[in-house]
Q: 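A single structure is presented below for examination.
In what follows, chains are A, B, ... by sequence order, proteins preceding strands, each numbered from 1.
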Amino acid sequence: MKRTHSCGALRLEDVGKTVSLAGWVDRRRDLGGVIFVDLRDKYGKTQVVFDPERNQEVHQIADQLRNEYVITVTGVVQKRPEGMENDKLSTGKIDVKIDKIEILNTAETSPLAINDPKEESRENDDLRLRYRYLDLRRPWIQKNLILKSRFLKEVHNFFHENGFEDIETPVLCKSTPEGARDYLVPSRVNPGRFYALPQSPQQYKQLLMIAGMDRYYQIAKCFRDEDLRADRQPEFTQIDVEMSFVDQNDVMELFDRFVTEVMGKVWDFTPPSPIRRMTYAEAMLKYGSDKPDLRFDLEIKDVTELAGNTGFGVFNSVMKAGGKIRGLAAKGCVDFTRKQIDDLTAHVARYGAKGLVWMRVKENDEVETQVGKFFTVDQLNALRDAVGASASDMMFFIAGSEKVAATAMGQLRLEIARIKGLMNPSVREFVWITEFPMFEYSETEGRYMSMHHPFTSPMPEHLEMMLSGNLKDCNAQAYDLVLNGVEIGGGSVRIHKPDVQEKVFRLLGLNEEQVKEKFGFFVDAFKFGAPPHGGLAFGLDRVVATMEGFESIRDFIAFPKNTSASSPMDQSPSEVDLTQLQDIHISLNLPKK
RNA sequence: GGGGUGGUAGCUCAAUUUGGUUAGAGCACCGGCCUGUCACGCCGGAGGUUGCGAGUUCAAGCCUCGUCUAUCCCGCCA
């Protein structure tokens, strides 16, 4: 027994007890005589005291202690002298006078400042990942992992209480077209053949519905071989759910309860119930995004008719070409400098905006703008009223294709909110986005692609439209759950009729042979009595990160990859022995340097 | 694949108008002093291929080119 208590356990009522503690030396304060050591473990910190008058031998050993040494100590809990309490520690009213010490391990000087009291001070990511086991000793990051663990426990409870079964699905799967690039695993016993790691257990969970399992959930590892971002890792975890005999309302209602009962409990708050819903069309129009951040207004207005029918050639030609003109009133931003506006212009250019038109509303409500000569005073005033601007506001306008006008404006909206500090991290705004388009035209592929995935059912009233080949206006029974501008979950009602599924594959450009080869087993399964079903997947890492106000999910994953999808700690991916490659019948054809 | 930003001591950063003594500071580290500190304090010390490679120049951390790398973003991510 190395310890009787953790380093976060002792309180005033323990005074007088003889205790043993074990942990890491967080910090040593040597006053010449008495030596103080903050001993740290997962549970907290406790100050232990080495008094030369109490025990000279032990004191001499304490003299050798350095940061991150691993020790076990035994001593007597004492009330700290008057005025010597430390309010920052839960154990701060006591300390432990040490009679016995054992150095369990020494430690080299840490390349990371583990005991840095400034929580926001972090070394660069490369160094942190290289010494991740040291990085993970920091209390703030341990807190993140522990929170995720607690959340998972409640997730399991919730689904079990609601009749869901936790069923594992394969990690070695069949590679399928559509979607992200697959991670491939060569088969040794089947030369020239490959498994794919699952992008999600989508098909398996649907097969479980066909199998009659009725309600399935799984904490599922998913893999996507695409470029990384702060909120995207090549492997990540989903709370994956599927239910039989449900419509989309049933799924959303279940997750309304999930948010209230699980997230509300873990983060100790009361979410709105039900969570508000907004159509995709409304979100794109008003917020220029399918994941609107509703912590602030800054609503976008369509001013195509107003602005297009003026003497301003740019607006005029965009409208005639079938494009849109969108505007918004940036409240209290009349004093934006020319440099700020230039930066905003550059910002929206990244999203395809050809330009950014700005107008100031002066104290007397008069509109002032560089392009004023193209508008009448009435037209300017009409624009001002249309976007809801008044004195001391700045107005911004973007003209372009509907997609560019919407998304560039949406990004402008976010950037203004950042500048004005409107993204309050303590506010949580949930919203369901519904009625997503069924298909999306891909310029790079030159064809329509599924916006969600190819198993998504069209809205019943749009089925005929889809079957007749109108893909543009066909909406799906798909829904995303959005929190503070972050998509934390998404799902759909699935197609359960084999003929509809076949048709969708065909519309996506897959011929009969390709469907048979890639999805044959899946399509066959639907011929044997598939129940209507639907579900949803929650991004576990992203939910926790977003709830904690972090943008990067890396601080919630014990061993994440860097942006090159490699691990600076274990140097993976790495080269392998030639014999290993021979076993799996692989020869390398590497790009020239 | 493309763009932005960064790479200087173990760590976090600095180094004046394109350049001008021996590249600095804080923390960490090592030594000394200090008996109630808690980011202890005081004194001293050590620590540098300025990512790498070329180039321009009398002179490069600083300018140019290439390259590597990290990060953020666009594309991509059903």
Side-chain angles (χ1 to χ4, degrees), chain A residues 26-39 45-54 59 66-68 78 80-89 91-92 95 97 108-131 134 176-182 199-200 202-203 222-234 236 343 346-347 349-352 407-408 411 415 436 438-440 442-445 448-456 476 478 487 490-492 504 508 537 539 551-552 554 562-564 566 568 593:
Chain A
D26 191 65
R27 197 180 285 277
R28 185 180 69 114
R29 289 177 295 279
D30 182 350
L31 273 64
V34 66
I35 295 173
F36 296 100
V37 167
D38 291 336
L39 195 61
K45 289 176 195 168
T46 301
Q47 173 168 282
V48 298
V49 188
F50 299 91
D51 187 341
E53 288 170 10
R54 186 181 180 94
H59 181 265
R66 295 294 181 268
N67 286 350
E68 302 309 315
Q78 307 222 333
R80 290 199 190 188
E82 202 72 29
M84 300 298 165
E85 297 88 356
N86 185 345
D87 294 338
K88 290 182 212 156
L89 297 181
T91 60
D95 53 24
K97 296 263 189 187
E108 291 181 16
T109 302
S110 170
L112 303 181
I114 296 166
N115 61 8
D116 196 324
K118 290 196 295 285
E119 192 159 289
E120 69 276 14
S121 83
R122 293 164 200 186
E123 294 79 4
N124 78 57
D125 277 18
D126 188 42
L127 195 76
R128 289 179 59 199
L129 291 184
R130 183 147 35 111
Y131 298 100
L134 298 180
T176 54
E178 300 290 308
R181 200 174 290 112
D182 283 325
Q199 297 172 29
S200 86
Q202 183 61 38
Q203 292 175 61
C222 304
F223 306 85
R224 292 176 191 178
D225 187 5
E226 295 291 349
D227 288 352
L228 282 71
R229 290 282 190 284
D231 63 346
R232 273 178 8 206
Q233 282 278 304
F236 60 99
D343 288 347
H347 186 74
R350 293 213 291 261
Y351 303 91
T407 56
Q411 293 295 334
E415 191 61 21
F436 274 81
M438 184 84 180
F439 304 98
E440 190 177 32
S442 163
E443 299 289 345
T444 47
E445 297 278 323
Y448 276 95
M449 297 175 67
S450 296
M451 192 151 182
H452 188 56
H453 58 54
F455 319 115
T456 303
E487 179 202 326
S492 63
V504 169
L508 292 171
E551 284 183 14
S552 172
R554 283 176 220 166
N562 67 13
T563 47
S564 309
S566 59
K593 268 224 162 169

Q: Could you tell me whether the phosphate oxygens of A28(B), OP1 or OP2, come under 4.0 Å of any side-chain nitrogen or oxygen in R66(A)?
A: no
Q: Between the side-chain atoms of R350(A) and the base atoms of C73(B), is any donor-acceptor pair under 3.5 Å?
A: no
Q: Paired with U5(B): which nucleotide, if any, by Watson-Crick or G-U wobble criteria at under 3.5 Å for both distances?
A: A70(B)
Q: Apply side chain to side chain contact (heavy atoms under 4.5 Å, CB included) to residues D51(A) and H59(A) and explain how you reach the verdict.
A: CA-CA 6 Å; D51(A) 187 341; H59(A) 181 265; over 6 Å; no
Q: Can you build the contact string for nucleotides 36-46 of chain B? Use B for base contact, S for sugar-phosphate-only contact, and - for no protein heavy atom under 4.0 Å.
A: BBBBB------
Q: What's the gap between G44(B) and G53(B) when it is taken at their P atoms, as a whole Å value?
A: 37 Å
Q: Which one is paired to G26(B), where only Watson-Crick or G-U wobble pairs with both distances under 3.5 angstrom count?
A: C11(B)
Q: Please identify which of these residues, V34(A), I35(A), V37(A), meets the side chain to side chain contact (heavy atoms under 4.5 Å, CB included) condition with V49(A).
A: V34(A)
Q: Would you kindly check whether a donor in the side chain of R229(A) faces an acceptor in the base of G75(B), or vice versa, at under 3.5 angstrom?
A: yes
Q: Is there a Watson-Crick or G-U wobble partner for A46(B) with both distances under 3.5 Å, and if so, which one is it?
A: none
Q: When only distance counts, do a donor and an acceptor, one from the side chain of N124(A) and one from the base of G6(B), lie under 3.5 Å apart?
A: no
Q: Would you say A70(B) has OP1 or OP2 under 4.0 Å from some side-chain N or O of N562(A)?
A: yes
Q: Would you say the side chain of R224(A) lies within less than 4.5 Å of the side chain of S200(A), judging by non-hydrogen atoms?
A: yes
Q: Please name the nucleotide paired to U37(B) by Watson-Crick or G-U wobble geometry with both distances under 3.5 Å, or report none.
A: none
Q: For A70(B), does either OP1 or OP2 sit under 4.0 Å from a side-chain N or O belonging to S564(A)?
A: yes
Q: Identify the two heavy atoms, one from R29(A) and one from Q47(A), that lie closest to each other, and give their separation to 0.1 Å.
A: NH2-OE1, 2.9 Å
